[in-house]
Amino acid sequence: MSRSITFRGGKRPAQPARPQLRLENYVTSTLADPPASVDWQAPIDPAGWPMYLNDQYGDCTVAEVGHHIELVTGNASGKTVKVSDADVLTGYEAVSGFVPGNESTDTGCYIADVMAYWMKTGIAGHKILAYASIHPSNTKLVQQAIALFGGVSVGMNVPQSAEDQFNAGKPWDYVKGSRDLGGHCVLMGAYGPAVWKVVTWGAEQAMTSSFYAHQVDEIWLPVTTDWFVNGKSPTGIDTYTLGQDYAAITGKLNPMPQPQPSPVPTPTPVPAGSDQTMAAAARTWLAAKGL
């Protein structure tokens with residue numbers, strides 16, 4: 001399948017020293033091993049993934065949000081929300097300061113800034129409850145996050161080889177020495193043995209483990225309202241404490257729902273005339289007699 005895309009850089013460099021909540025700190029003992037493969041992208045019509053103007057502007061960080069909203073709504077409720085180009089452009093302008101027609105302002109965004117805007121203001125009427133980073137080297141946790149939350153937001157550096165491979169309809173594979181074109185942000189909602197699958201430039205794209213190891217430099221997990229509203233509360237991630245730490249940093253209320261205590265089992269009534277009933281009556285009679 002032949003395509004034609006000219007890369008436009010849109011993700012500003014990763015900031016590992018920037019204060020951030022890290023998902024690794026909220027893993028509990030109940031977190032299950034990830035399945036061998038997961039594909040939340042499959043239920044969404046591949047022909048329906050929009051470009052979101054990313055062939056014209058460096059708005060990939062907000063275009064990824066549009067794809068993310070499609071994925072979580074389609075899987076959580078069965079009704080895919082189609083975000084408009086206008087919604088994506090509004091978010092990109094707000095976060096980056098981009099002014100259409102002024103190319104010098106098309107400078108891209110930090111993913112963390114887009115996450116903060118998505119949480120505070122929302123995009124296309126959809127917000128997230130919280131967000132946390134995952135170190136890219138922790139591939140097991142990345143898989144667990146995809147399995148439990150639907151998808152993650154991936155920051156990567158795009159080499160010339162990736163543009164060429166995409167246009168040729170081939171998986172992204174690492175090519176040593178290929179010229180770096182700039183930063184990019186994609187939705188990752190599927191994986192399998194030795195392969196990752198992302199959504200970018202209006203299409204699905206496979207990524208080898210070698211490409212992932214060399215080119216991915218940051219990963220973020222947005223905890224979406226749509227996922228929780230539709231009953232997909234994940235087990236194994238302490239989302240409430242994540243919300244508490246968010247509240248401590250921002251001074252706002254914890255946005256995460258408080259976990260409900262486990263119900264106390266109701267004792268089974270003892271049938272009248274049973275041995276237990278007779279024994280209890282005997283103890284009462286002996287006590288009354290002082291025996």
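Values below: every heavy atom of this structure, side chains too, minus hydrogens, waters and symmetry copies.
For Asp180, the side-chain contact (heavy atoms from CB on, under 4.5 Å) partners two or more places apart in sequence, or in a different chain, are Asn157. In this structure, the salt bridge (Lys or Arg N to Asp or Glu O under 4.0 Å) partners of Asp106, at least two apart in sequence or on a different chain, are Arg8. With sequence neighbours left out, His214 forms a ring-ring contact (aromatic ring centres under 6.0 Å, His included) with Tyr174. Residues that satisfy the side-chain contact (heavy atoms from CB on, under 4.5 Å) test with Asp245, not counting sequence neighbours, are Leu21, Tyr26, Thr241. Applying the salt bridge (Lys or Arg N to Asp or Glu O under 4.0 Å) rule to Lys252 yields no partners; only residues at least two apart in sequence or on another chain are considered. The side-chain contact (heavy atoms from CB on, under 4.5 Å) check on Asp164 picks up Gln160, with sequence neighbours excluded. Evaluation of the side-chain contact (heavy atoms from CB on, under 4.5 Å) rule for Thr208 yields Asp173, Ser210, Phe211 as partners, not counting sequence neighbours. In this view, Arg179 satisfies the salt bridge (Lys or Arg N to Asp or Glu O under 4.0 Å) rule with no residue, not counting sequence neighbours. Take Lys140 and apply the salt bridge (Lys or Arg N to Asp or Glu O under 4.0 Å) test, not counting sequence neighbours, and it matches Asp33. Contacts of Tyr246 classified as ring-ring contact (aromatic ring centres under 6.0 Å, His included), with partners at least two apart in sequence or in another chain: none. Partners of Tyr52 under the side chain to side chain donor-acceptor pair (under 3.5 Å) rule, at least two apart in sequence or in another chain, are Glu70.
Within the structure, the side chain to side chain donor-acceptor pair (under 3.5 Å) test picks out the following pairs touching residues 60-69 (sequence neighbours left out): Glu64-His68, Glu64-Ser153.
Applying the side-chain contact (heavy atoms from CB on, under 4.5 Å) test between Asp87 and each of Thr90, Val83, Asp85 identifies Val83 as the sole match. Across Gln15, Lys11, Gln20, a single residue satisfies side-chain hydrogen bond (donor to acceptor under 3.5 Å, both in side chains) together with Glu218, and that is Lys11.
For the residue pair Tyr131 and Ala116, the shortest heavy atom distance occurs at OH-CB, 3.6 Å. Closest of all the heavy-atom pairs between Leu242 and Ala130 is CD2-CB, 4.2 Å. Taking every heavy atom of both residues into account, Leu71 and Gly150 meet most closely at CD2-O, 3.2 Å. The two residues Ile44 and Thr80 have their closest heavy-atom pair at CD1-OG1, 3.6 Å. Looking at every heavy atom in both residues, Ile146 comes nearest to Ala190 through CG2-N, 4.1 Å. Residues Cys109 and Val95 come closest through the heavy atom pair SG-CG1, 3.7 Å.
The line from CZ of Phe7 to SG of Cys60 is 6.5 Å long, rounded to the nearest 0.5 Å.
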Discussion item. Please determine whether side-chain contact (heavy atoms from CB on, under 4.5 Å) holds for the pair Leu141 and Val27, giving the CA-CA distance in whole Å, both sets of side-chain angles, and the decisive distance to 0.1 Å.
Written reply: CA-CA 9 Å; Leu141 184 56; Val27 172; 3.9 Å; yes
Discussion item. Determine whether Thr6 and Asp55 satisfy the following criterion, side-chain contact (heavy atoms from CB on, under 4.5 Å), listing intermediate values before the conclusion.
Written reply: CA-CA 7 Å; Thr6 300; Asp55 54 346; over 6 Å; no
Discussion item. Let's go through Lys79 and Thr73 carefully: what are the C-alpha distance in whole Å and the side-chain angles of both, what is the deciding distance for side-chain contact (heavy atoms from CB on, under 4.5 Å) to 0.1 Å, and is it a yes or a no?
Written reply: CA-CA 6 Å; Lys79 184 177 180 180; Thr73 55; over 6 Å; no
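No side-chain donor-acceptor contact under 3.5 Å links Glu204 to the backbone of Val198. Between the side chain of Trp227 and the backbone N or O of Val72 there is no donor-acceptor pair closer than 3.5 Å. Side-chain atoms of Asp59 never come within 3.5 Å of backbone atoms of Val62 as a donor-acceptor pair (strictly under, hydrogens ignored). Between the side chain of Ser96 and the backbone N or O of Gly108, no donor-acceptor pair lies under 3.5 Å. In terms of modelled atom types and a separation under 3.5 Å, the side chain of Gln205 and the main chain of Val199 share no donor-acceptor contact.
Checked against the 6.0 Å centroid criterion, the rings of Phe98 and Tyr57 qualify as a close aromatic pair. Note: Trp118 and Trp220 fail the aromatic proximity criterion, with ring centroids not under 6.0 Å apart. Checked against the 6.0 Å centroid criterion, the rings of Phe166 and Trp201 qualify as a close aromatic pair.
Under 3.5 Å, the side chains of Thr200 and His184 contain a donor-acceptor pair of N or O atoms. Asp226 and Thr224 share no donor-acceptor pair across their side chains, judged by distance under 3.5 Å alone.
The number of heavy-atom neighbours closer than 6.0 Å to NZ of Lys82, taken from other residues, nucleotides and ligands shown, is above 12.
By the 4.5 Å heavy-atom criterion applied to side chains, Met207 and Met156 are counted as neighbours.
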